[in-house]
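Throughout, a chain's letter reflects where its sequence line sits, starting with A, and its residues are numbered from 1. All figures in this text were calculated on a predicted structure; none of them were measured in a lab.
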There are 2 protein chains.
Amino acid sequence: MREATSREIKEIARRHLVAHGAAGVSLRAIAREMGMTAPGLYRYFASLHDLLDSLRADLFTELTDAVAAAQAALPEDDTDGRVLAALRAVRAWALGNRAEFTLLFGPAVTDTGPEEDSPAAVAGQRFAAAFVSLFDRLLAEGRFAPPPAEPEASAELRAQLDAFAACTGFTGDHASDAATRFMLRSWVRFYGLVCMEVFRHLGFVADDLGALFEAELRDLVTGLGVVYRAP
Amino acid sequence: MREATSREIKEIARRHLVAHGAAGVSLRAIAREMGMTAPGLYRYFASLHDLLDSLRADLFTELTDAVAAAQAALPEDDTDGRVLAALRAVRAWALGNRAEFTLLFGPAVTDTGPEEDSPAAVAGQRFAAAFVSLFDRLLAEGRFAPPPAEPEASAELRAQLDAFAACTGFTGDHASDAATRFMLRSWVRFYGLVCMEVFRHLGFVADDLGALFEAELRDLVTGLGVVYRAP
DNA sequence: TAAGCTTAGTTAACGCTGGTAACCACCGGT
DNA sequence: ACCGGTGGTTACCAGCGTTAACTAAGCTTA
């Protein structure tokens with residue numbers, strides 16, 4: 001009952017998101033489409049910001065599920081295939097859901113930084129955990145040796161890496177400063193690759209940058225000890 | 001006279017941009033601050049979108065100037081230093097002007113894609129040209145050999161690379177498909193690095209990710225035949 | 001069965017937004 | 001003395017998030 005209405009609201013909100021961007025999601029328009037008035041929506045969400053945050057949480061789990069589904073088709077022990085499938089699943093979801101990806105990974109709309117305990121934040125951490133576990137698996141299999149930290153690595157950097165590891169749950173037996181650092185580097189690189197394509201900053205090139213993506217992916221996973229395989 | 005008013009409008013708009021984000025720039029608030037009424041601003045800009053586009057153009061040239069200024073302090077023949085200084089200048093400007101960087105390099109606010117002939121677009125191309133010329137210089141000096149294209153490189157990819165080269169003005173004697181591809185890959189990687197930091201998706205780590213940036217920068221420029229040098 | 005509380009929704013209102021139309025006052029040129 | 005353009009104004013439209021006050025059900029409990 002109540003849950004169904006809540007879902008319908010988010011469903012309509014998502015349609016407006018893809019149609020007009022994040023700024024085009026309005027309570028009044030949603031209410032109008034539902035045959036309601038805007039204040040009625042406040043029975044379900046404390047504010048527009050809360051609605052969007054809840055929507056973000058849903059989208060994070062949808063993306064996480066897509067990543068899991070892509071891996072489910074492969075045998076359990078096919079680590080190479082799972083890594084490639086997971087990364088490709090992220091790109092595919094991002095391209096198929098540009099507005100949603102922007103909401104999740106675009107610039108933080110609030111200047112207060114991301115809230116620690118919001119539903120979207122915890123869903124985002126579960127998404128991150130999926131890739132952390134894959135990275136941990138590569139480490140466990142001894143696929144590669146993370147480049148040792150330079151001697152001039154400051155204590156400040158070390159503290160930052162510890163915070164990152166703690167936040168993403170990268171605290172297994174194979175965790176180390178060097179490993180954390182390499183995981184972060186790999187993720188940053190992949191993030192930029194997808195962002196560039198989704199944000200259309202390469203729009204003058206073409207709509208489908210699949211070939212470039214695959215070339216970068218090959219380079220990226222090779223550094224992680226994964227043998228590349230064409231899609 | 002008229003030019004001065006136009007500049008004042010954009011100046012105030014920029015203040016509102018950094019204070020409340022791109023969505024917080026409103027004609028009425030600007031007019032109020034100027035002791036005017038909102039419709040008066042339409043004598044200077046056809047719409048809010050036009051104002052933001054003009055502001056984008058200004059910011060692109062400001063960033064381009066910052067990159068040039070960083071290089072100006074170095075001797076003319078110090079290619080390594082110039083490359084490092086230029087890339088560091090982009091990061092420094094981005095961190096010092098987060099909201100402005102987001103406006104330039106964040107997700108495209110319009111769903112119609114970037115307009116071809118808007119003032120911001122041409123200013124953006126001049127910004128790109130600064131790095132294209134640096135890349136061309138590295139090629140001219142034979143600093144590195146761009147990795148040869150895989151045999152399975154499709155004709156589609158080739159066409160995309162040609163479009164990219166034409167759009168960025170990368171048409172010198174040293175231009176080739178392999179070179180264009182490597183330039184694009186390098187830029188995408190750098191873009192992701194800066195975006196991740198500016199968009200605060202690593203906010204849980206720390207505010208200053210300088211050490212991580214330098215580590216990535218070292219890896220990146222080394223691949224371009226530039227000998228790394230600490231800042 | 002009647003009283004009372006909770007829930008889901010309403011209307012009315014405040015103050016804000018971008019944008020348009022009509023109008024006005026000034027200032028330079030003929 | 002008149003005329004046109006420039007730089008503004010007021011009045012208005014439609015839309016926005018949010019709050020306050022209220023109403024109509026439905027369920028609980030004495």
Those residues that, when tested against Ala29(B), pass side-chain contact (heavy atoms from CB on, under 4.5 Å) (two or more places apart): His16(B), Ser26(B), Arg32(B)
Quiz: residues 117-137 of chain B side-chain donor-acceptor pairs under 3.5 angstrom, not counting sequence neighbours:
unit_1, atom_1, unit_2, atom_2, d
Ser118(B), OG, Ala121(B), N, 3.2
Ser133(B), OG, Ala130(B), O, 2.9
Arg137(B), NE, Thr79(B), OG1, 3.1
Arg137(B), NH2, Glu76(B), O, 2.5
Arg137(B), NH2, Thr79(B), OG1, 3.2

Under the side-chain contact (heavy atoms from CB on, under 4.5 Å) test, residues paired with Leu220(B) that sit two or more places apart: Ser186(B), Arg189(B), Phe190(B)
Whole-Å gap separating C1' (dC16(D)) and CG (Leu51(A)): 15 Å
With the criterion being N/O to N/O and under 3.5 Å, what pairs connect the protein with nucleotides 20-28 of chain D, and how long is each?
none

For Thr37(A), side-chain contact (heavy atoms from CB on, under 4.5 Å) partners two or more places apart: Pro39(A)
Which residues share a ring-ring contact (aromatic ring centres under 6.0 Å, His included) with Tyr44(B), sequence neighbours left out: none
Any residue of residues 25-34 of chain A with a heavy atom less than 4.0 Å from an atom of DNA chain D: Val25(A), Ser26(A), Leu27(A), Arg28(A), Ala29(A), Arg32(A)
Contacts of type side-chain contact (heavy atoms from CB on, under 4.5 Å), residue Ala99(A), not counting sequence neighbours: Leu17(A), Val18(A)
Contacting residues from residues 4-17 of chain A, given that a heavy atom lies under 4.0 angstrom of DNA chain D: none
Pairs meeting criterion salt bridge (Lys or Arg N to Asp or Glu O under 4.0 Å) with involvement of residues 58-73 of chain B, two or more places apart: Lys10(B)-Asp58(B), Arg14(B)-Glu62(B)
Partners meeting salt bridge (Lys or Arg N to Asp or Glu O under 4.0 Å) with Arg185(A) (sequence neighbours left out): Glu216(B), Asp219(B)
With sequence neighbours excluded, residues passing salt bridge (Lys or Arg N to Asp or Glu O under 4.0 Å) with Glu33(B): Arg15(B)
